[in-house]
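Ligands are counted one by one from 1 in listed order, and the atoms in each one are counted from 1 as well. All of these numbers come straight from a predicted model, not from anything done at the bench. Along the sequence shown, residues carry numbers from 1.
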Amino acid sequence: MSDLLDVDSRPAPESSEDSALAEYVAEVCRRLSAGLLRETGDDLRSVVAAEVRSVQWALEDPAALRDRVPVHPPRLDHRGRVRMFTNPVLSQRNPLAPPLTHVSDGDECEFRVTLPLQYQGPRNMLHGGYVGVLLDDVLWYAVRHASTGISFTRELTVTYERPVPLFEELRIVGRVVEAEGRKTFAEGEIVAGGQVCARATGLWIAPKPRRDGHGSAG
Ligand SMILES: CCCCCCCC(=O)SCCNC(=O)CCNC(=O)[C@H](O)C(C)(C)COP(=O)(O)OP(=O)(O)OC[C@H]1O[C@@H](n2cnc3c(N)ncnc32)[C@H](O)[C@@H]1OP(=O)(O)O
């Protein structure tokens, strides 16, 4: 995967154990989110108690998460500031992110994900706004992969062809179709069971160079 933070690769002063703990707690939060929406009564209480116990266990036993290699530990930028990878679609440390599994870079960038209940719009279907979020992020990633700096989404058009299902694997694909100066045009789709459910096209624009010759974002 590209260096999405676009900063120096110096690790921030956080132990690997603490980074692993943060990512584990994010995972527990995701399971809890689904549990709160699925269970009621005694079943709800069991789910909450089990997850609270699992966090307690991870906090009390330093060896509990020994085998986990943190995926998105904090990094230091060139000014020595701590930078977190906060991306709400890709970050392992952000409980809002599903997060996506990266499959390939190249002419096409591909990610896969199976979405749980907290992303539901209509019954068993993905919320339409989140369809746009996924496509925005993966097309942005394809633009980022094909260029040297950060670009911002200027325009995104989403076509909803059929419902995007929850609880089954989705392929989310993005590719650059044209680059011209600061502008990059990209397109992509979400595919479930071999069928395209949603398509997007969009324009990403790199910020104007600053007077010192650097971009103003990143
Ligand atoms: C680290 C993880 C991040 C993950 C991020 C995922 C993607 C995101 O969510 S990004 C956040 C959402 N997006 C934003 O907040 C962006 C908000 N918009 C902006 O800040 C600005 O509009 C910005 C920076 C995109 C462009 O501003 P600016 O540089 O002033 O643009 P501007 O000079 O008007 O246009 C640049 C060029 O694009 C052209 N252009 C603008 N709009 C269009 C369009 N719709 N179609 C074709 N061309 C266009 C202009 O004509 C101009 O062309 P030229 O250079 O030939 O004159």
Side-chain angles (χ1 to χ4, degrees), residues 1-12 14 19 22-23 26 30 70-105 108-113 115 119 126-160 164 170-190 198-218:
M1 198 187 286
S2 305
D3 177 9
L4 299 174
L5 266 179
D6 202 25
V7 298
D8 285 357
S9 58
R10 281 182 297 152
E14 176 175 86
S19 297
E23 292 184 9
R30 287 180 199 111
V71 182
H72 295 131
R75 308 265 289 275
L76 287 183
D77 70 10
H78 62 286
R79 291 189 200 158
R81 295 173 301 191
V82 175
R83 298 283 301 270
M84 289 287 178
F85 183 55
T86 60
N87 188 300
V89 175
L90 296 172
S91 173
Q92 297 279 340
R93 193 164 168 139
N94 185 343
L96 279 181
L100 278 59
T101 302
H102 179 240
V103 176
S104 66
D105 289 336
E108 284 196 332
C109 297
E110 181 178 333
F111 290 82
R112 295 203 185 170
V113 71
L115 292 168
Y119 299 98
L126 179 57
H127 187 283
Y130 205 77
V131 171
V133 170
L134 290 177
L135 285 163
D136 182 30
D137 221 71
V138 170
L139 270 59
W140 168 83
Y141 178 90
V143 170
R144 176 74 186 88
H145 183 69
S147 50
T148 52
I150 294 285
S151 293
F152 293 99
T153 313
R154 172 71 172 227
E155 196 175 296
L156 184 72
T157 302
V158 179
T159 307
Y160 297 83
V164 177
L170 307 175
R171 289 177 55 231
I172 311 168
V173 180
R175 67 195 82 82
V176 166
V177 287
E178 193 187 334
E180 184 197 330
R182 292 192 290 130
K183 291 178 287 187
T184 308
F185 296 85
E187 65 177 21
E189 55 272 333
I190 298 180
R199 298 181 193 277
T201 57
L203 168 62
W204 280 260
I205 299 182
K208 291 187 182 89
R210 291 190 317 221
R211 287 196 186 145
D212 61 9
H214 294 97
S216 59

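Considering each of Leu203, Ile150, Ile205, the one bringing a non-hydrogen atom nearest atom 49 (C) of ligand 1 is Leu203. For the residues Phe185, Tyr141, Phe152, the heavy atom positioned nearest atom 11 (C) of ligand 1 is part of Phe152. In this comparison of Asp137, Val133, Thr153, the heavy atom closest to atom 10 (S) of ligand 1 sits on Thr153. Taking only non-hydrogen atoms, the option from Arg144, Arg83, Arg182 nearest to atom 33 (O) of ligand 1 is Arg182.
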Step-by-step side chain to side chain donor-acceptor pair (under 3.5 Å) determination, Ser104 to Glu110: CA-CA 5 Å; Ser104 66; Glu110 181 178 333; 4.5 Å; no
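Interatomic distance, Thr184 OG1 to Arg144 CZ, rounded to the nearest 0.5 Å: 11.5 Å. Arg154 CZ to Arg182 CZ: the interatomic distance, rounded to the nearest 0.5 Å, is 9.0 Å.
Here the two rings, on His127 and Tyr119, have centers that are 6.0 Å apart or farther.
Taking every heavy atom of Glu155 and a limit of under 4.0 angstrom, the matching atoms of ligand 1 come to 44 (C), 45 (N). Near Asn87, the atoms of ligand 1 lying under 4.0 angstrom from a non-hydrogen atom of the residue are 2 (C), 4 (C).
For a threshold of 3.5 Å applied to N or O pairs, the pair formed by Trp204 and ligand 1 contains no separation below that value.
A donor-acceptor pair shorter than 3.5 Å cannot be found between the side chains of Asn94 and Thr86.
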